[in-house]
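A quick write-up on the structure given underneath.
Chain A is the first sequence line, chain B the second, and so forth, proteins listed ahead of strands; every chain is numbered from 1.
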Protein chains: 2
Amino acid sequence: MARPAQPLLNRDLIRDTALAIIDRHGLVGLTMRRLAEKLGVQAASLYTHYPTKEDVLDAVANLLVAQVDTSGFEHGWREGLRTWGRSYLGALAAHPNAVPLIASGTGRRDTFLAMANAVHGGLTGAGWPPRVATTISGAVKYLVIGAASTPFASGFADDVQVYLDRYPHLTQAHRLRSDAERIDQESFELGLSCLIRGLEPGPG
Amino acid sequence: MARPAQPLLNRDLIRDTALAIIDRHGLVGLTMRRLAEKLGVQAASLYTHYPTKEDVLDAVANLLVAQVDTSGFEHGWREGLRTWGRSYLGALAAHPNAVPLIASGTGRRDTFLAMANAVHGGLTGAGWPPRVATTISGAVKYLVIGAASTPFASGFADDVQVYLDRYPHLTQAHRLRSDAERIDQESFELGLSCLIRGLEPGPG
DNA sequence: ACCTGAACACCGTTCAAGT
DNA sequence: ACCTGAACACCGTTCAAGT
């Protein structure tokens, strides 16, 4: 066909399809050939729209981070941190296979900077000195990235019996996979609430 | 040569060499062929000692986690959490390129379970109910993984001028790379100290 | 500008063959 | 048991060629 009358591809379509493949088959399951196949096209065609696979992955990472809500700072730094942290974790937890893209991200991507800028502005606007604002936002980010990266559910899953006798302390709490999601939630909320409480009474 | 009188390889040598390559060339820079080359051997030879590349990476992950110090719980849960968190982060920060191995680890690896078991035992031994102990150790783990995964230094590095005008709030705090290490340190310590303080007065 | 087909230099892994 | 050499099925990416 060579050049079609109507373009078959565009950047958003490629990015969204890439995310769908990552969700279904994992990060390793995403190859340029498979991505092209799903789009009914040859792998080489993708390079008309993205210079490298890395750029496709950057686009996916930006898509996820763009959904993060930083509007909570309008209601104060406590609500701002809570809203930001929860929506950030929510955006990542919705696509667990894509989390490594964000976790080891360089921070050079547009939406990352926009998010960092909004958070930093929210904290300094509430009166926190810039240096402290950076430290605070770092701590929340660590909780989010940590919670999204190693959800409790990912370990201790299948062959529980194997280590039940070797690691006696783990038997109680780690047995049920059904508890994992609640544990993840509780650990993150514990960290977040302790951090906010530890920052009282606020700046100044 | 076929079978040499003295074996050329063993599992520890392969694992240590793999880590050295990861340190120098990154996780993507580690290939079975390059690993073999550095060992003066053919790639196929590696499969006598490790069934897959994945198993080599597991061995590297276990090597790092094995260095984590959980002995602090002998001096109470506060000191235990501090020692554990700091040595865990220290072990990962010494090999930043290997962090994704631990961050997205399945938790199925021996040393991971041993570490989790020690921490859980330390917390329950101090009087924390098993369920709460799991939540607490999760929060500390999130801080460690988050801090190791996205050190502040990794972002905002080179082309600062590009976004200085677009993200005004970031100009103050993000300009200097020399500040990055201190920021990383402070954010982690802030999260850790807030958590421990938030858990006062302790169990019961 | 946009897509194809074929090629390039790589991968992880397998396996018969040698000692 | 331990290593080799060659092969297999894959990669990401390039590029001349077509419309």
Side-chain angles (χ1 to χ4, degrees), chain A residues 1-62 97-98 100-101 104-106 109, chain B residues 1-62 97-98 100-101 104-106 109:
Chain A
M1 77 178 63
R3 171 142 134 85
Q6 194 75 8
L8 300 176
L9 303 175
N10 60 70
R11 286 176 58 92
D12 287 358
L13 178 61
I14 292 172
R15 177 202 61 191
D16 295 346
T17 307
L19 178 56
I21 293 176
I22 290 170
D23 284 341
R24 286 197 66 175
H25 302 101
L27 214 41
V28 188
L30 178 71
T31 70
M32 295 301 266
R33 282 176 165 83
R34 201 207 283 245
L35 179 53
E37 187 192 19
K38 187 139 184 178
L39 289 162
V41 107
Q42 295 298 314
S45 308
L46 300 170
Y47 291 85
T48 304
H49 303 271
Y50 287 95
T52 67
K53 181 183 182 181
E54 182 78 19
D55 290 288
V56 177
L57 297 176
D58 277 0
V60 171
N62 276 320
N97 292 340
L101 293 180
S104 43
T106 61
R109 306 182 247 240
Chain B
M1 72 179 64
R3 171 143 134 83
Q6 195 75 7
L8 301 175
L9 303 175
N10 61 68
R11 286 176 57 92
D12 286 0
L13 179 63
I14 292 171
R15 177 202 59 191
D16 295 346
T17 308
L19 178 56
I21 293 175
I22 290 170
D23 284 341
R24 285 197 65 176
H25 302 101
L27 214 41
V28 188
L30 178 71
T31 70
M32 296 300 267
R33 281 175 166 84
R34 201 206 285 241
L35 179 54
E37 188 192 18
K38 186 139 186 178
L39 289 163
V41 105
Q42 295 297 317
S45 309
L46 300 170
Y47 290 85
T48 304
H49 303 271
Y50 288 96
T52 66
K53 181 184 181 181
E54 182 78 16
D55 291 287
V56 177
L57 297 176
D58 276 1
V60 172
N62 276 320
N97 292 340
L101 292 181
S104 42
T106 62
R109 308 183 247 240

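Nearest nucleotide to the Ala44(A) side chain, out of dT4(C), dC3(C), dT14(C): dT4(C). Out of dC3(D), dT13(D), dC3(C), the shortest distance to the side chain of Pro4(A) is found at dC3(C). In this structure, the nucleotide among dC2(C), dT13(C), dG5(D) sitting nearest to the side chain of Pro7(A) is dC2(C). In the set dT13(D), dC3(C), dG12(C), the nucleotide with an atom closest to the side chain of Tyr47(B) is dG12(C).
One N or O on the side chain of Arg11(A) and one on the backbone of His49(A) form a donor-acceptor pair closer than 3.5 Å. Arg15(B) places no side-chain N or O within 3.5 Å of a backbone atom of Val60(B) that could act as its donor or acceptor partner. Put simply, the side chain of Lys38(B) never gets that close to the backbone of Ala20(B): no donor and acceptor are under 3.5 Å apart.
Residue Leu46(B) forms a side-chain contact (heavy atoms from CB on, under 4.5 Å) with just one option from Thr52(B), Leu35(B), Asp55(B), and that option is Leu35(B). Of the candidates Ile22(A), Thr17(A), Asp23(A), Ile22(A) is the only one forming a side-chain contact (heavy atoms from CB on, under 4.5 Å) with Leu30(A). Among the candidates Leu13(B), Thr48(B), Val41(B), the single residue satisfying the side-chain contact (heavy atoms from CB on, under 4.5 Å) test with Leu8(B) is Val41(B).
Taking only side-chain nitrogens and oxygens, Thr31(A) comes nearer than 4.0 Å to OP1 or OP2 of dC11(D). Under 4.0 angstrom from either OP1 or OP2 of dT4(C) there lies at least one side-chain N or O belonging to Ser45(A). Distances shown here put every side-chain N or O of His49(B) at or beyond 4.0 Å from the OP1 or OP2 atom of dA1(D).
If you find the closest nucleotide of DNA chain D to Thr48(B) and to Arg34(A), the one lying nearer the 5' end belongs to Thr48(B). A residue-by-residue look at Leu9(A) and Leu30(B) shows that Leu9(A) has its nearest nucleotide of DNA chain C further toward the 5' end.
Arg3(A) places its CZ atom 14 Å from the C1' atom of dT4(C), with the value rounded to the nearest Å. Rounded to whole Å, atom P of dC2(D) lies 12 Å from atom CZ of Arg11(B). Going from atom CG of Leu13(B) over to atom P of dC2(D) covers 14 Å, rounded to whole Å. One interatomic measurement links the two molecules: CG of Leu8(B) to P of dC3(D), which rounds to 5 Å at whole-angstrom precision. Atoms CG (Leu57(A)) and C1' (dG12(D)) sit 12 Å apart, rounded to a whole Å. The distance between atom CD of Glu37(A) and atom C1' of dC11(D), rounded to the nearest whole Å, is 15 Å. Regarding Gln42(B), its CD atom lies at a distance of 17 Å from the P atom of dT13(C), rounded to whole Å. Protein atom CG of Leu39(B) is 11 Å distant from nucleotide atom P of dT4(D), rounded to whole Å.
Proximity of Leu9(B) to Leu39(B): side-chain heavy atoms (C-beta onward) are separated by under 4.5 Å at one or more points. Looking at Leu27(B) and Pro100(B), their side chains come closer than 4.5 Å, going by heavy atoms from C-beta outward.
For Arg33(B) against dG12(C), a side-chain N or O and a base N or O form a donor-acceptor pair under 3.5 Å.
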**Study point:** Strand DNA chain C as a dot-bracket string - pairs counted if Watson-Crick or G-U with both distances under 3.5 Å, | where the partner lies in another strand
**Key:** ||.|||||...|||||.||

